[in-house]
Amino acid sequence: MEIVSENKCFDGVQGVYKHKSTSCQCDMTFGLFLPADCRNDATPVIWFLSGLTCTHENAMLKSMAQYFANRHRVAIVFPDTSPRGDSVPDDEAYDLGKGAGFYVDATEEPWAKNYGMRKYIESELPKLIFSSFPLSPELQGICGHSMGGHGALTVAMSNPDRFRSVSAFAPIANPTKSDWGRKQFLAYLGEDESVWERFDSTILMKETGFPGPILIDQGTKDPFYDLLMPGSLMQAMADVRQNGSFHLREGYDHSYFFIMSFIESHIKFHRQAAGKS
């Protein structure tokens, strides 16, 4: 693992690191914020999965998460959204290829070699982080925005023993029914739509739910509201009586101004779920 940078930030340390990924067959970069006095027996870890067109930098630089993370004594991991490099397949469209990994393990060509984002988030990166930094895998929560919200919800529901809590900002909530999902799943996973279902949070909610609490914020002025399909997930949560809350935030859009406005409530939510006051 290579240290790209380490900067003092709100008395903690914001680091950026690079490593060779076996899941994605390329170099991958991630950010990690460690609060002051970080201890592996007491510091909850929040994973923040970013959205379409983003890298590890977007939430790291725009969300103000570090200020609140240090205040509430949590660590935050900022993974990249997709494989990178000149040899990695890409597409001219912004919503397919680099920047649009959709947190799945691709099985179709030309994507299968590099687009292993699900196993990267589920297995490879956690092993690297928990073996390299003073953090414990016992106190994990996961959060995401848009495509990353889809990732956070589906990863959490597929790994209920790993995460104590999950939250999302404007998640792509029903991708098997949306143009933000069907296009990408067809390209990455092929024509069998039954394979797509394990990557749809609305379907997973109906089938398994999540044993811990869920927190979701959605802006009412989000220009992508129809593509995100939040109503499907809200109804599914109500139908299975999921422990959680779904907030429609009047006047907020899809931007990082929205995330910045509510990031502290998500950090406090995850810290409380980790059993920390």
Side-chain angles (χ1 to χ4, degrees), residues 42-51 59 63 65 68-69 72-77 103 118 121-122 126 135-178 181 197-220 222 225 228-250 252 258-259 261-277:
T43 305
V45 181
I46 302 172
W47 294 75
F48 191 102
L49 306 187
S50 290
S63 67
F68 299 109
H72 297 289
R73 301 182 305 285
V74 303
I76 303 185
V77 184
Y103 303 100
R118 175 54 67 95
I121 295 296
E122 284 186 336
L135 298 168
S136 170
E138 301 302 317
L139 301 175
Q140 293 186 72
I142 189 168
C143 177
H145 171 228
S146 194
M147 180 185 74
H150 138 77
L153 288 163
T154 57
V155 168
M157 284 189 274
S158 299
N159 296 271
D161 295 333
R162 175 181 165 191
F163 298 101
R164 298 197 180 194
S165 51
V166 57
S167 70
F169 294 91
I172 302 175
N174 198 184
T176 60
K177 303 297 183 182
S178 169
E197 293 179 356
R198 64 182 288 250
F199 303 107
D200 187 307
S201 60
T202 295
I203 293 174
L204 290 176
M205 180 59 63
K206 293 176 181 178
E207 293 179 348
T208 67
F210 182 67
I214 292 178
L215 170 63
I216 298 176
D217 280 307
Q218 171 66 59
T220 63
D222 193 321
Y225 195 97
L228 301 172
M229 301 183 68
S232 299
L233 181 57
M234 280 192 281
Q235 185 61 56
M237 289 176 66
D239 289 345
V240 301
R241 303 184 185 183
Q242 171 65 44
N243 173 18
S245 56
F246 202 124
H247 302 279
L248 291 177
R249 301 294 188 179
E250 178 63 31
Y252 283 91
F258 166 49
I259 296 172
S261 300
F262 299 102
I263 190 68
E264 183 179 20
S265 64
H266 285 242
I267 289 172
K268 291 171 67 177
F269 163 78
H270 288 289
R271 181 169 174 80
Q272 182 177 11
K276 303 294 181 179
S277 58

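Taking P137 as the reference, F130, Q140 meet the side chain to side chain contact (heavy atoms under 4.5 Å, CB included) condition, with sequence neighbours excluded. Listed by chain and number, the residues in a side chain to side chain contact (heavy atoms under 4.5 Å, CB included) with T176 are N174, F185, W196, D200, I203 (sequence neighbours excluded). Residues passing the salt bridge (Lys or Arg N to Asp or Glu O under 4.0 Å) test with E264, sequence neighbours excluded: R71. Judged as a ring-ring contact (aromatic ring centres under 6.0 Å, His included), and not counting sequence neighbours, the contacts of H150 are F102. Partners of R118 by salt bridge (Lys or Arg N to Asp or Glu O under 4.0 Å), not counting sequence neighbours, listed by chain and number: E122.
Separation of atoms NE2 (H270) and CD1 (I76) is listed at 9.0 Å; rounding is to 0.5 Å. Interatomic distance, CH2 of W47 versus CD1 of I121, reported as 6.0 Å (0.5 Å rounding). Rounding to the nearest 0.5 angstrom, the gap separating the NZ atom in K177 from the CE atom in M229 is 8.0 Å. With rounding to the nearest 0.5 Å, the separation of CG in L228 from CG in D222 is 5.0 Å. Distance check, rounded to the nearest 0.5 Å: NE2 of H145 to CZ of F48 gives 7.0 Å. For the atom pair CD1 of I259 and OG of S146, the computed distance is 8.5 Å after rounding to the nearest 0.5 Å.
Closest non-hydrogen pair, L139 versus A274, comes out as CD2-O, 3.6 Å. Closest approach of A173 to T202, counting heavy atoms only: O-OG1, 2.6 Å. Considering every non-hydrogen atom in both I142 and A156, the closest pair reads CG2-CB, 3.8 Å. When all heavy atoms are compared, the tightest approach of I216 to M237 is CD1-SD, 4.1 Å. Heavy atoms only, all atoms of each residue included: S201 and M157 are closest at O-CE, 3.4 Å. Across every non-hydrogen atom of H266 and C143, the tightest pair is ND1-SG, 4.0 Å.
Residue pairs meeting the salt bridge (Lys or Arg N to Asp or Glu O under 4.0 Å) criterion with at least one partner in residues 229-250, sequence neighbours excluded, are D217-R249.
Put simply, the residue from F269, Y252, F169 that forms a ring pair (Phe, Tyr, Trp, His ring centres under 6.0 Å) with F262 is Y252.
No side-chain heavy atom of L135 sits less than 4.5 Å from a side-chain heavy atom of V77. Counting heavy atoms from C-beta on, the side chains of L215 and H247 come closer than 4.5 Å. For the pair P213/Q272, no side-chain contact is recorded, criterion being any heavy-atom separation below 4.5 Å from C-beta on. Here the side chains of Y225 and L248 are in contact, with some heavy-atom distance below 4.5 Å. Within the 4.5 Å cutoff, the side chain of Y103 has no heavy atoms near those of the T154 side chain.
A donor-acceptor pair under 3.5 Å links the side-chain atoms of Q242 to the main chain of F210, judged by distance alone.
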